[in-house]
Protein chains: 4
Amino acid sequence: MDSTKKYIGVIGASSCPPEIYKLAEEVGSEIARAEATLICGGLGGVMEAVCKGAKEQGGITIGILPGVNKHEANPYVDFPVPTGLGEGRNVLIVRSADVLIAISGGYGTLSEVGFALRLGKPLVSLGSWDVSDEILKAETPKQAVNLALTQLKKLEYV
Amino acid sequence: MDSTKKYIGVIGASSCPPEIYKLAEEVGSEIARAEATLICGGLGGVMEAVCKGAKEQGGITIGILPGVNKHEANPYVDFPVPTGLGEGRNVLIVRSADVLIAISGGYGTLSEVGFALRLGKPLVSLGSWDVSDEILKAETPKQAVNLALTQLKKLEYV
Amino acid sequence: MDSTKKYIGVIGASSCPPEIYKLAEEVGSEIARAEATLICGGLGGVMEAVCKGAKEQGGITIGILPGVNKHEANPYVDFPVPTGLGEGRNVLIVRSADVLIAISGGYGTLSEVGFALRLGKPLVSLGSWDVSDEILKAETPKQAVNLALTQLKKLEYV
Amino acid sequence: MDSTKKYIGVIGASSCPPEIYKLAEEVGSEIARAEATLICGGLGGVMEAVCKGAKEQGGITIGILPGVNKHEANPYVDFPVPTGLGEGRNVLIVRSADVLIAISGGYGTLSEVGFALRLGKPLVSLGSWDVSDEILKAETPKQAVNLALTQLKKLEYV
């Protein structure tokens, strides 16, 4: 697998309680260990935690930002992309990702869940919106990333 | 109420069964009778039905299109806005609307429901996604538009 | 000609000296007299002037706004579309217009001139950027709108 | 300088004659030698050449794509970002870049030149659009990158 070409997108809220932060951090670490690239919204909360976890394991992180300033990215984003599109950037995260993992999350995450399902992107939920049978449910960070990797492998044979 | 400044957004799928089409048409007629402007995604299905209903009552309709060609709008759109943003145009419909009515709907509608809730736009559901207590539930087209109008009036006093 | 389907886009700076404001106002009036719909960026300066001129003659005006608030539109915009895309909204004005008239203008206008030429939209200049032989040059507001109307007629036969 | 945080944007046409291709390739190599990250539109022509040159020197390349498919990126793009925004993605390249180098180029490049000037991004021209005194003119690839690096250093002290 060419790590720079396989993106796992992670979606979740920009603020979260410590236990969700810890889960997201573990998801990020697992993504990095699998040598996939992490793409997310680049801000705080779940987005920061997953980037932090990825960087702790030497992974690569991309942050698609709503604003016009790179410096709004959390400190664990390697490649910030300031779009100036506001919430409109949500669709870019979904488009760029090959598979997505939703972690908990609020209404912004719900818009991304809608886009993922609409665009036919495989979507794994770790305690996130339960709105479709097409969403793969995971109980742990490791299981979430494993499900995502299985989906990535399927895409390679298409 | 200045009809040209009050937008009721209607969101729903681009194809739908006849009974949903009829419901959407009635919603459009009620919006026009209330002298509000209709804004939607401008394509077929629920979008076409609601525009048709509005035009039957002399209303005004705006269609925010995903593609680059005005002619992809349904024939009941007065003012098509071809964006070339694909699904990314969903956020523009939500941003432009003062209140929204979701009619039935698929995953694209879900992304718009997420945006409406995220951006704090009042949202009425007529048999659409039941994902939040913040969504106002309606049983009939008339009730849906009445709920939307009540929300519009509240906005005038802000 | 179906007035609601033919858009003349006008591009120009959000602040301008009185003599340019007057020119733009006349362009707006001519557009309305020709029963075409005006589409522009919806803000001040040239955009306000052209909308004002159009409304004085009973025309219809659409404003594609950079921000998220309808109320940033100038008072002569009938149908504001708040995009939240910032300068990214420039491409939407060009995409939506059937033909464009550039009046004087700064760097934002230059980006729109580039898009118009790139997307093959007929472009008339009234004292604006002189960067291509494909741009039609006008000396007066009336001549600018006449050139635009001639281009619109050609499009009808395509 | 933190290489992952400093983006030099390169703008130019998606097809170009061999002599321009060679110039762009040298620009890419110089960017990589300076340990800056290259950001561009990710397609062919000048975009491919500059990515190729950067990769030959071990640099990092980001491609902000107009379409929805990562695979439309040229083979020298490390991190493709498929936006689905069409030409609307041009503003994202300009927003993301700290400084820009325009190489030759057509009308799409002109829209980006307009955005760069509008958004106050330092802009170096290597045989590209000569539309403003604010554009820094370069005669050679090395000089173009040196001018860009000088601008980057100024930004660090702001």
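A, B, ... follow the sequence lines: proteins, then strands. Residue 1 opens every chain.
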Contact class of B:Leu85 relative to chain C, heavy atoms under 4.5 angstrom =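 For B:Leu85, the contact with chain C is made by the side chain alone.
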SG on C:Cys51 to CG on C:Leu43, rounded to 0.5 Å =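 Here the rounded value is 9.5 Å.
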Smallest separation among heavy atoms of B:Leu126 and B:Ala138, with atom names =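 Between these two residues, the closest heavy atoms are CD1-O, 3.5 Å.
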For B:Tyr76 and B:Glu56, what are the C-alpha separation, side-chain angles and deciding distance, and is it a side chain to side chain donor-acceptor pair (under 3.5 Å)?
-> CA-CA 9 Å; B:Tyr76 310 102; B:Glu56 283 162 357; over 6 Å; no
Is the closest basic N to carboxylate O distance between C:Glu19 and C:Lys22 below 4.0 Å?
->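 Salt bridge absent between C:Glu19 and C:Lys22.
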Rounded to the nearest 0.5 Å, what's the gap from CG on C:Leu147 to OG1 on C:Thr140? Could you check?
->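 Result: 8.5 Å between the selected atoms.
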Considering only heavy atoms, which portion of B:Ile64 lies under 4.5 Å from any heavy atom of chain C: side chain, backbone, both, or neither?
->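 Contact with chain C is through the side chain of B:Ile64 alone.
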Gap between atom CD1 of C:Ile31 and atom NZ of C:Lys6 - 0.5 Å precision =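 One gets 14.5 Å once the value is rounded to the nearest 0.5 Å.
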Listed by residue number, which members of residues 87-97 of chain B have a heavy atom under 4.5 Å from any heavy atom of chain C?
->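 The residues closer than 4.5 Å to chain C, in numerical order, are B:Leu92, B:Arg95, B:Ser96.
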Heavy atoms only: give me the nearest B:Thr83-B:Pro66 pair and the separation to one decimal.
->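 Heavy atoms only, the tightest pair is OG1-O, 3.7 Å.
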